[in-house]
Amino acid sequence: MRTPDRGASVTHPPVFGAPARSHLFNEDNRDHYVHAVTRGVAAVGEQLATTRQPFTGITPAELGLEVEVVDLDSPLGDGEAALAEVERLYLRHAVYFHDVKYAAHLNCPVVIPALVGEAVLSAVNSSMDTWDQSAGATLMERHLIEWTAGRLGLGPAADGVFTSGGSQSNLQALLIARNRAFARAQAHQTPATDAPIRLPEVLSRLRIFTSAASHFSIRTSASTLGLGFDAVVAIATDDAQRLDPAALAAAIADCLAAGLVPMAVVATAGTTDFGSIDPLSQIAGICALHDVWLHVDAAYGGGLITSRRHAGLLEGIERADSVTLDYHKTFFQPVSSSAVIVRDGAMLGHVTHHADYLNPRSASLLVPNQVDKSIQTTRRFDALKLWFTLRTMGADAIGEMLDEVIDLAGRVYAVLRAAPDFEVVVEPVLSTLVFRYWPPSGDDLSQSQLDDLNVGIRRDIFASGEAVIAGTTVAGRHYLKFTLLNPHTTLADLEHILALIRLHGGRLLAPTRAVAHV
Ligand SMILES: *Cc1c(COP(=O)(O)O)cnc(C)c1O
């Protein structure tokens with residue numbers, strides 16, 4: 001039987017509702033590919049044109065009903081119909097981070113060059129584990145790691161790898177620190193003739209030191225790595241929510257005195273809630289004294305490497321043994337895009353596992369295989385988004401946007417400080433503000449009533465969809481939080497959100513007042 005001419009069978013590729021093979025990304029379906037992806041992009045564009053607030057306020061119950069009735073065994077057979085369904089179930093009710101009244105979590109509006117990168121990388125679908133699945137992608141990722149390490153000032157031996165996010169970067173950094181601590185325990189084993197010490201025997205003695213304001217992924221990493229949550233020693237912070245170096249030094253001394261092993265210190269450059277930056281140089285000095293691994297979690301603050309005005313805030317980061325950066329936070333990149341960088345590239349060997357089908361030892365000497373540096377195997381070419389961004393806009397443009405939101409945070413701080421009905425926790429260094437609504441008329445409220453008031457305000461604003469703000473706790477009390485990453489947001493936008501807070505707060509207080517006056 002003759003094979004039909006591949007080109008001839010699809011001279012006019014039907015755009016939608018075609019046989020399965022017409023949906024494959026290949027040369028025959030080129031027109032279909034370009035058209036279909038363009039339609040998807042256009043649908044998002046149409047949504048942008050009509051979206052006027054960050055959220056519609058729909059509830060999980062309402063949306064759940066619509067999603068559940070979709071019979072996944074009965075395809076619509078038509079791309080336009082499928083797109084309309086996605087519009088109804090997803091686009092219409094998504095939470096939009098580009099909206100100026102989205103001020104909740106560390107989600108940035110994304111830059112368009114990165115979206116071009118996203119479209120390109122997902123179509124080609126390279127996988128970063130080996131050279132023979134990625135080619136130039138591996139070299140470009142490596143070049144971006146060198147660029148990042150260079151800006152951090154980590155020195156010529158630095159190396160690293162892209163990851164899916166800050167949590168994974170932190171996990172990998174702590175895995176390296178753990179395996180290094182274990183390797184040292186083995187090396188110092190006396191007498192050397194004993195049966196080799198095993199990892200589980202060492203785990204229970206390892207300790208990690210980090211401030212009380214650090215990210216929860218440090219604790220979950222400790223647990224995942226077999227150390228247990230309680231292997232993380234919480235170090236006190238000062239009034240500005242920065243790790244107190246004297247308390248750190250004392251805790252390490254206690255650890256050593258108890259015969260335990262200080263495995264790592266995790267400093268934070270930009271705490272998630274307060275944006276506070278731990279005193280990195282002082283902490284690096286303490287780590288050097290005791291030869292303890294210093295990891296700097298710069299998932300949030302890492303973007304400062306692009307800022308001409310604020311890069312100095314990261315002083316001391318060049319002394320870190322490892323650093324986490326989230327490009328999907330302060331570099332305006334789409335999720336996911338993050339990296340873990342180590343000062344001494346050889347340390348990445350602590351995660352290397354040789355699988356003969358992926359990286360036979362002989363071959364890995366000749367070609368660069370990123371799987372040797374990663375705890376993932378199949379991995380996206382997320383680096384292309386940052387590449388496109390730097391090559392189109394340049395790092396200064398990123399830094400300027402970050403500078404704008406830092407300035408904005410300073411201005412909102414002044415407004416909050418001056419307002420009699422708001423209490424703000426710390427002056428921002430980056431772009432978050434933690435505060436609570438506490439009007440003079442609420443002077444008689446107990447702390448737990450104040451908690452309820454602020455939790456209620458956040459809930460009601462989210463339900464209205466007019467704005468999205470975050471909440472957090474400080475010393476057990478509930479606060480509201482702005483996380484500002486949108487250079488398009490103005491002070492007036494944020495004052496509008498403050499007006500919403502007063503409005504909803506007033507409504508929530510009204511019944512209490514009514515009762516009080518009975
Ligand atoms: C966001 C954040 C993380 C976690 O990063 P993901 O990308 O969400 O996994 C870790 N540390 C800090 C300080 C963060 O702000």
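Note that ligands are numbered from 1 as they come in the structure, with each ligand's atoms numbered from 1 the same way.
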**Q** Flag the pair Asp451 and Arg477 as a salt bridge only when some basic side-chain nitrogen lies within less than 4.0 angstrom of an acidic carboxylate oxygen.
**A** yes
**Q** Is there side-chain contact between Phe162 and Arg380, with heavy atoms separated by less than 4.5 Å?
**A** no
**Q** Counting only heavy atoms, which portion of Thr324 has something under 4.0 Å from ligand 1: side chain, backbone, both, or neither?
**A** neither
**Q** So, is Thr268 polar-close to ligand 1, with some N/O to N/O distance under 3.5 Å?
**A** no
**Q** Based purely on interatomic distance, does Tyr300 place a nitrogen or oxygen under 3.5 Å from a nitrogen or oxygen of ligand 1?
**A** no
**Q** Can you name the atoms of ligand 1, numbered from 1 with element, that are less than 4.0 Å from a heavy atom of Lys329?
**A** 1 (C), 2 (C), 3 (C), 4 (C), 5 (O), 14 (C), 15 (O)
**Q** Which residue in the set Thr432, Asp273, Thr272 passes side chain to side chain donor-acceptor pair (under 3.5 Å) when paired with Thr472?
**A** Asp273
**Q** Checking salt bridge (charged side-chain N to carboxylate O under 4.0 Å, His left out) for the pair Asp407/Arg309: CA distance, chi angles, key distance, verdict?
**A** CA-CA 11 Å; Asp407 289 348; Arg309 279 172 47 209; 2.7 Å; yes
**Q** What atoms of ligand 1 come closer than 4.0 angstrom to any heavy atom of Asn170?
**A** 10 (C), 11 (N)
**Q** Could you pull out, from Ser167, Ser337, Gly275, the option with a heavy atom nearest to atom 9 (O) of ligand 1?
**A** Ser167
**Q** Answer whether the closest heavy-atom distance between the side chains of Gln370 and Arg142 falls below 4.5 Å.
**A** yes
**Q** For atom 11 (N) of ligand 1, what is the closest protein heavy atom, and at what distance to 0.1 Å?
**A** Asp297 OD2, 2.6 Å
**Q** Answer yes if the ring centres of Tyr96 and Tyr102 are under 6.0 angstrom apart, and no otherwise.
**A** no
**Q** If the threshold is 4.0 Å, N to carboxylate O, is there a salt bridge linking Asp230 and Arg219?
**A** no
**Q** Check Arg180 with Asp291, please: is the shortest side-chain N to carboxylate O separation under 4.0 Å?
**A** yes
**Q** Heavy-atom contact under 4.0 Å between Gly270 and ligand 1?
**A** yes
**Q** Are Asp99 and Lys101 close enough for a salt bridge, meaning some N to O gap below 4.0 Å?
**A** no
**Q** Under 4.0 Å from a heavy atom of Gly166: give me the atoms of ligand 1 that qualify, with their elements.
**A** 4 (C), 5 (O), 6 (P), 7 (O), 9 (O)
**Q** Does ligand 1 have any atom that is closer than 4.0 Å to a heavy atom of Thr271?
**A** no
**Q** Going by the atom numbers of ligand 1, which of them fall below 4.0 Å from some non-hydrogen atom of Ala299?
**A** 2 (C), 3 (C), 10 (C), 11 (N), 12 (C), 14 (C)
**Q** Have a look at ligand 1 and work out which part of Leu106, if any, has a heavy atom under 4.0 Å from it: side chain, backbone, both or neither.
**A** side chain
**Q** Does Gln168 approach ligand 1 within less than 4.0 angstrom via side chain, backbone, both or neither, non-hydrogen atoms only?
**A** neither
**Q** Any atoms of ligand 1 less than 4.0 Å from a non-hydrogen atom of Asp326? List them with their elements.
**A** 5 (O), 6 (P), 7 (O)
